[in-house]
Q: 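Handing you a structure now.
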Amino acid sequence: MWLSYRNSNSRDVKNKAEGEVVRLIGWIFTKREHPEKIFINMRDRYGYIQLVASKETLKEKFENVKEANVESAIAVEGVVKYDKRAPGGVEIHLTDFKVVAPADIWPVTLSALKSPEFMFDKRHLTIRGPRSRAVLLIRSALIQSAFEYFTKNDYVMINAPTFITSAVEGGATLFELKYFGDKAYLTQSAQFYEEAAICVFEKVFVIQPSFRAEKSRTRKHLTEFWHIEAEVAFAEHNDIMRVEEELLSYIVSRLNELVGEEIKYIRGGLLKEFTPPFEKISYDEAIEILQKKGVEIEWGEDFGADEERALSEEFEEPFFVTGYPVEIRSFYHMPDPDRPEVTLSSDLMAPGGFGEITSGGQRIHDYNTLLNKIKKMGLDPSEYEWYLEIRRYGMPPHSGFGMGVERVLRWLLDLPHIRDATLFPRTPSRLYP
RNA sequence: GCCGCCGUAGCUCAGCUGGUAGAGCACCGGGCUGUUAACCCGGGGGUCCUCGGUUCGAGUCCGAGCGGCGGCGCCA
């Protein structure tokens, strides 16, 4: 009933002529009261529009406007009026006003915005604010853009299971749960399942959550995050870096088209667009750069937060660090045939001190090589039985990567914390709401 | 897991060397012919995180616990 009552919306009224009668549905965002007039900023899915209620035209219904609290759901009818004094230059002079669902006194005040604890305890309400609204719209567009990129390039979307039995990354970071009589874990990555699927579809991708039981108190970690992962058969390390740089460039330019208004609202201007290929430096070069900057790091050590920051400060566009040492990468990474101490792997770094946004590389596709590697790293081959077995039946060289949705979003929008990049964030200290 | 900071009204915070609490925002009432986080005047509102200790007396001092925030390690 109410959906069909609506014949315009906050965005669409700008296309209407002065004097046209429109019916809108939405929520009261803010309200300013005077004796004869009340100004309402109404919010709907499309944005914001100012409503003007005047005692003269609304008569006894003016009282209803007076009594309606902020965040009441309303249905209104009114006349389109262009006026310089209205935000956005257009407003609706009400001829009818109904409360569809009343609201209690809204607890989210201006000072509440300063309290992360309050804002996330009341996340189910605070997401209605203009900032969360914009970020979540951009997030939706980001996932849409990634989906577009992959499907335009002949990838097949697969859906990997969430319950798993063995670790893709380090075993210590798995969430354990009861699975009837057995132990199961929540997935950290769809990678292994993608590797099985490339022998059907050659190019596959997933967009789904990954779980990591890392007690990370940082602004770049969630325990549940959305993962964009791709895996490509017959592809070598350089091929997958090409995919990553194309994907990121596509996402950025598409976001500017799809949600430019929201992006401007959050960061004051459109996103800087990039063109592949990105700069690529080797792990060895990265170590040199860091040592020259006076950072204490030796070849063979992994980058910590300080190192990632120092390194990425040296760049103004995203760049790859390639060829990480075998010791600091997971067991499945392909050693470089010309230099067995390093892997055919890379991380894509965001510039300006931000650091890692994707991680990827070529996988070991030979059965015996992988088996030996698993044993050498002290892992139990029986836990990787099916993963090994796919290598006995025509597994070509292949490569893949994973990109964190919230991390990319946080970087692009310069958000203070990764929890701002998701609807209901999950961190070690937050499981509610 | 480690290091640091914090916990007083619905929210943000003040409260000096111990004498049972205050401001702004929000809310309610009144005023105001167009506001943009409206403005002006008035009002109500508090187990001072919990437990224990010191003291005639604890929001304030001491101890423990719980919760949150920031950073490190780990990663996307």
Side-chain angles (χ1 to χ4, degrees), chain A residues 29-41 48-56 67 69-70 81 83-89 91 93 104-122 125-126 129-130 167-174 188-191 207-229 244 301-309 324 328-330 347-350 354-360 401-411 416-419 421-422 427-430 432:
Chain A
F29 176 57
T30 61
K31 215 174 130 185
R32 291 165 296 280
E33 292 185 47
H34 295 268
E36 304 291 323
K37 272 180 182 166
I38 298 173
F39 297 92
I40 289 174
N41 279 80
Y48 300 85
I49 181 76
Q50 174 158 286
L51 311 176
V52 184
S54 72
K55 205 171 189 174
E56 202 187 337
E67 279 161 24
N69 284 331
V70 161
K81 199 104 184 172
D83 192 316
K84 274 185 199 155
R85 295 170 295 185
E91 61 190 16
H93 286 232
D104 287 351
I105 291 160
W106 188 240
V108 187
T109 62
L110 214 56
S111 47
L113 302 177
K114 288 190 229 160
S115 165
E117 190 182 351
F118 180 85
M119 289 302 278
F120 285 98
D121 281 346
K122 298 282 184 195
L125 302 178
T126 57
V168 176
E169 306 296 332
T173 68
L174 286 165
Q188 300 169 306
S189 163
Q191 183 193 320
I207 302 177
Q208 60 181 51
S210 284
F211 305 87
R212 306 256 168 113
E214 299 157 353
K215 278 200 169 177
S216 311
R217 281 219 56 87
T218 77
R219 290 179 288 175
K220 49 195 265 191
H221 288 87
L222 294 166
T223 51
E224 176 176 4
F225 68 97
W226 276 68
H227 218 165
I228 297 173
E229 294 177 275
E244 292 175 56
E301 291 174 354
D302 206 352
F303 304 135
D306 291 343
E307 289 80 25
E308 261 189 38
R309 197 174 304 120
Y324 285 87
I328 57 173
R329 288 306 242 198
S330 302
D347 284 356
L348 178 56
M349 303 278 185
F354 190 88
E356 186 178 347
I357 49 175
T358 83
S359 187
F401 71 93
M403 174 186 274
V405 168
E406 294 83 3
R407 261 202 201 168
V408 173
L409 195 60
R410 178 177 171 231
W411 164 54
H417 198 294
I418 196 165
R419 65 186 167 215
T422 190
T427 67
S429 59
R430 182 157 300 281
Y432 172 95

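Each chain gets a letter, A, B and so on, in the order the sequences are listed, and its residues count up from 1.
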Q: Answer yes or no: does a side-chain N or O of Arg212(A) lie under 4.0 Å from OP1 or OP2 of G73(B)?
A: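 So the side chain of Arg212(A) is outside the cut-off, no N or O lying under 4.0 Å from OP1 or OP2 of G73(B).
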Q: Looking at C56(B), which nucleotide sits across from it as a Watson-Crick or G-U wobble partner, both distances under 3.5 angstrom, or is there none?
A: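 Because both required distances fall under 3.5 Å, C56(B) counts as paired with G19(B).
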Q: Going by heavy atoms in the side chains, are Ile207(A) and Trp226(A) under 4.5 Å from each other?
A: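 They are in side-chain contact.
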Q: When the C1' atoms of C48(B) and G10(B) are considered, how many whole Å apart are they?
A: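 Pairwise C1' distance, C48(B) against G10(B), rounds to 16 Å.
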Q: Write down the partner of G34(B) under the Watson-Crick or G-U wobble criteria, each distance required to be under 3.5 Å.
A: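 Paired with no nucleotide.
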Q: Which is more 5' along RNA chain B, the nucleotide nearest Arg329(A) or the one nearest Arg32(A)? Just name the residue.
A: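 Taking each residue's closest nucleotide, the earlier one in sequence belongs to Arg32(A).
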Q: Given the C1' atoms of G71(B) and C61(B), what is the spacing between them in whole Å?
A: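 Those two atoms are separated by 30 Å.
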Q: Of the nucleotides G73(B), C74(B), U35(B), which has the atom closest to the Ala305(A) side chain?
A: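 For the Ala305(A) side chain, the nearest candidate turns out to be G73(B).
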Q: May I ask you to say what Glu308(A) touches in the nucleic acid, namely base, sugar-phosphate or nothing, with a heavy-atom cut-off under 4.0 Å?
A: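 If one applies the 4.0 Å heavy-atom cut-off, Glu308(A) turns out to touch a base.
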Q: Give Ile228(A) one of three labels, base, sugar-phosphate or nothing, depending on what nucleic acid heavy atoms sit under 4.0 Å from its own.
A: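 No contact at all - Ile228(A) keeps every heavy atom at 4.0 Å or more from the nucleic acid.
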Q: Roughly, in whole Å, what's the span from CD in Gln188(A) to C1' in C74(B)?
A: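 Checked: the CD to C1' distance equals 11 Å.
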Q: Which listed nucleotide (C75(B), U35(B), C72(B)) is nearest to the side chain of Arg217(A)?
A: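 Of all the options, the side chain of Arg217(A) is nearest to C72(B).
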Q: If the P atom of U60(B) is compared with that of G52(B), how far apart are they to the nearest Å?
A: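 The answer is 14 Å between these two P atoms.
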Q: Does the U35(B) base have a donor-acceptor partner in the side chain of Gln50(A) within less than 3.5 Å?
A: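 Under the 3.5 Å cut-off, the side chain and the base do form a donor-acceptor pair.
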Q: Considering only the P atoms, how many Å lie between G59(B) and G18(B), rounded to the nearest integer?
A: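 Between the two P atoms, the distance is 13 Å.
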Q: Can you measure Lys81(A) atom NZ to U35(B) atom P for me and round it to whole angstrom units?
A: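 Nearest whole value for this atom pair: 17 Å.
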Q: Hey, what do you get for NE2 (His417(A)) to CG (Leu222(A)), rounding to the nearest 0.5 Å?
A: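 These two atoms lie 8.0 Å from each other.
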Q: Hey, does Glu33(A) reach any base, or is it just sugar-phosphate, or nothing, if we go heavy atoms under 4.0 Å?
A: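 Since a base atom lies under 4.0 Å of Glu33(A), the category is base.
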Q: Would you please confirm or rule out a distance under 4.0 Å between OP1 or OP2 of C32(B) and any side-chain N or O of His34(A)?
A: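 For His34(A), the contact criterion (side-chain N or O under 4.0 Å from OP1 or OP2 of C32(B)) is not met.
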Q: Of the listed nucleotides (A76(B), C27(B), G34(B)), which one gets closest to any side-chain atom of His93(A)?
A: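 Per side-chain heavy atoms of His93(A), the pick is G34(B).
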Q: Before you tell me yes or no, could you show the steps for Phe225(A) and Thr422(A) under side chain to side chain contact (heavy atoms under 4.5 Å, CB included), namely the whole-Å CA-CA distance, both residues' side-chain angles and the distance that decides it to 0.1 Å?
A: CA-CA 8 Å; Phe225(A) 68 97; Thr422(A) 190; over 6 Å; no
Q: Pick the C1' atom in G53(B) and in C16(B), then give their distance to the nearest Å.
A: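 Rounded to whole Å, the distance is 25 Å.
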Q: P atom, G15(B) versus G22(B): distance in rounded Å?
A: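 Result for the P pair: 15 Å, nearest Å.
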Q: Would one find a side-chain N or O of Arg309(A) under 4.0 angstrom from OP1 or OP2 of C72(B)?
A: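 Answer yes for this pair, as a side-chain N or O of Arg309(A) is under 4.0 Å from OP1 or OP2.
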Q: Quick one: list whatever passes side-chain contact (heavy atoms from CB on, under 4.5 Å) with Ala421(A), sequence neighbours left out.
A: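 Glu406(A), Leu409(A), Leu415(A).
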Q: At under 4.0 Å, does any side-chain N or O of Ser429(A) touch on OP1 or OP2 of C69(B)?
A: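 Checking Ser429(A) against C69(B): at least one side-chain N or O falls below 4.0 Å of OP1 or OP2.
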Q: Expressed as a whole number of angstroms, how long is the span from Asp104(A):CG to C28(B):P?
A: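 Distance, rounded to whole Å: 12 Å.
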Q: Between atom CE in Met349(A) and atom P in C75(B), what is the gap in whole Å?
A: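 Roughly 12 Å, once rounded to whole Å.
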Q: Round to the nearest Å and state the distance from Lys220(A) atom NZ to G71(B) atom P.
A: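 One finds 11 Å between P of G71(B) and NZ of Lys220(A), rounded.
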Q: Any N or O donor-acceptor pair under 3.5 Å from the base of C74(B) to the side chain of Ser216(A)?
A: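 Counting by modelled atom types and ignoring angles, a donor-acceptor contact under 3.5 Å is found here.
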Q: Within the structure provided, determine whether Ser210(A) and Gln191(A) are in side-chain contact (heavy-atom separation under 4.5 Å).
A: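 SC-SC contact between Ser210(A) and Gln191(A) ruled out.
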Q: Looking at Glu91(A) and G34(B), is any side-chain donor or acceptor paired with a base atom of the opposite kind under 3.5 Å?
A: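 Check passes, donor-acceptor contact within cut-off.
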Q: Heavy atoms under 4.0 Å, any strand shown: does Thr218(A) hit a base, just sugar-phosphate, or nothing?
A: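 Base, at least one base atom sits under 4.0 Å.
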Q: Any strand is fair game: report the nucleotide pairing with C25(B) by Watson-Crick or G-U wobble, both distances under 3.5 Å, or none.
A: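 Partner of C25(B): G10(B).
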Q: What does Asp83(A) touch in the nucleic acid at a heavy-atom separation under 4.0 angstrom: a base, only the sugar-phosphate, or nothing?
A: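 Base, at least one base atom sits under 4.0 Å.
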Q: Of the candidate nucleotides G70(B), A76(B), C32(B), which contains the atom at the shortest distance from the side chain of Arg219(A)?
A: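 So the nucleotide nearest the side chain must be G70(B).
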Q: Distance check: side-chain N/O of Lys37(A) vs OP1/OP2 of G34(B), anything under 4.0 Å?
A: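 Indeed not, no polar side-chain atom of Lys37(A) lies that close.
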Q: So Glu224(A), base contact, sugar-phosphate only, or nothing? Heavy-atom distance under 4.0 Å.
A: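 No contact.
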Q: Only counting residues at least two apart or in another chain, list the ones meeting ring pair (Phe, Tyr, Trp, His ring centres under 6.0 Å) with His93(A).
A: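 Checked His93(A) against ring pair (Phe, Tyr, Trp, His ring centres under 6.0 Å); zero matches.
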Q: Under 4.0 angstrom, heavy atoms only, what part of the nucleic acid is Arg430(A) near: base, sugar-phosphate, or nothing?
A: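 Arg430(A): no heavy atom of the nucleic acid under 4.0 Å.
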Q: Please table the atom pairs, donor to acceptor, closer than 3.5 Å between any side-chain atom in residues 110-118 of chain A and protein atoms at least two apart or in another chain.
A:
residue: Ser111(A); atom: OG; partner: Thr109(A); partner atom: OG1; Å: 3.2
residue: Ser115(A); atom: OG; partner: Phe118(A); partner atom: N; Å: 3.1

Q: Verify, without hydrogens or angle tests, whether Glu307(A) (side chain) and Gly304(A) (backbone) share a donor-acceptor contact under 3.5 angstrom.
A: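 Flag set: sc Glu307(A) to bb Gly304(A) pair under 3.5 Å.
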Q: Can you tell me how far P of A76(B) sits from CD1 of Ile328(A), to the nearest Å?
A: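 After rounding, the reported distance stands at 12 Å.
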Q: How many whole angstroms separate atom CD of Glu67(A) from atom C1' of G29(B)?
A: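 It is 15 Å, rounded to the nearest whole Å.
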Q: Which protein N or O atoms sit under 3.5 Å from an N or O of nucleotides 11-15 of chain B?
A:
residue: C11(B); atom: O2'; partner: Ser111(A); partner atom: O; Å: 3.1
residue: C11(B); atom: O2'; partner: Ala112(A); partner atom: N; Å: 2.8
residue: C11(B); atom: O2; partner: Ser111(A); partner atom: OG; Å: 2.5
residue: U12(B); atom: OP1; partner: Ser115(A); partner atom: OG; Å: 2.7
residue: U12(B); atom: O2'; partner: Lys114(A); partner atom: NZ; Å: 3.2

Q: Rounding to an integer number of angstrom, what distance separates C51(B) and G7(B) when you compare their C1' atoms?
A: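 These two C1' atoms come out 16 Å apart once rounded.
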Q: So, under a plain 3.5 Å distance rule, would you say the side chain of Glu356(A) forms a donor-acceptor pair with the base of C74(B)?
A: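 Flag unset: no donor-acceptor pair detected.
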Q: Using the test ring pair (Phe, Tyr, Trp, His ring centres under 6.0 Å), find all partners of His34(A) that sit at least two apart in sequence or belong to another chain.
A: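 For His34(A), the residues satisfying ring pair (Phe, Tyr, Trp, His ring centres under 6.0 Å) (neighbours in sequence not counted) are Phe39(A).
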Q: With sequence neighbours left out, what residues match Phe120(A) under ring pair (Phe, Tyr, Trp, His ring centres under 6.0 Å)?
A: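 With sequence neighbours excluded, Phe120(A) shows a ring pair (Phe, Tyr, Trp, His ring centres under 6.0 Å) to no residue whatsoever.
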Q: Do the side chain of Glu356(A) and the main chain of Asp347(A) share a donor and acceptor less than 3.5 angstrom apart?
A: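 Not a single qualifying donor-acceptor pair exists.
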Q: Any strand is fair game: report the nucleotide pairing with G1(B) by Watson-Crick or G-U wobble, both distances under 3.5 Å, or none.
A: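 C72(B) is the nucleotide pairing with G1(B).
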Q: With stacking defined as ring centroids separated by under 5.5 Å and planes differing by under 30°, is Phe225(A) stacked against A76(B)?
A: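 Yes; centroid distance and tilt both under limits.
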Q: Of the candidate nucleotides A76(B), G1(B), U35(B), which contains the atom at the shortest distance from the side chain of Ala86(A)?
A: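 Out of A76(B), G1(B), U35(B), the nucleotide with an atom closest to Ala86(A)'s side chain is U35(B).
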Q: Answer with base, sugar-phosphate or nothing: what part of the nucleic acid does His221(A) contact at a heavy-atom distance below 4.0 Å?
A: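 Here His221(A) touches the bases of the nucleic acid.
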Q: Could you pick out which residue, Glu214(A) or Asn41(A), lies toward the 5' side of RNA chain B when each is mapped onto its nearest nucleotide?
A: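 Checking each residue's closest nucleotide, the 5'-ward one belongs to Asn41(A).
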Q: Taking the C1' atom of each, how far is G34(B) from G45(B), in whole Å?
A: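 Straight-line distance between the two C1' atoms is 33 Å.
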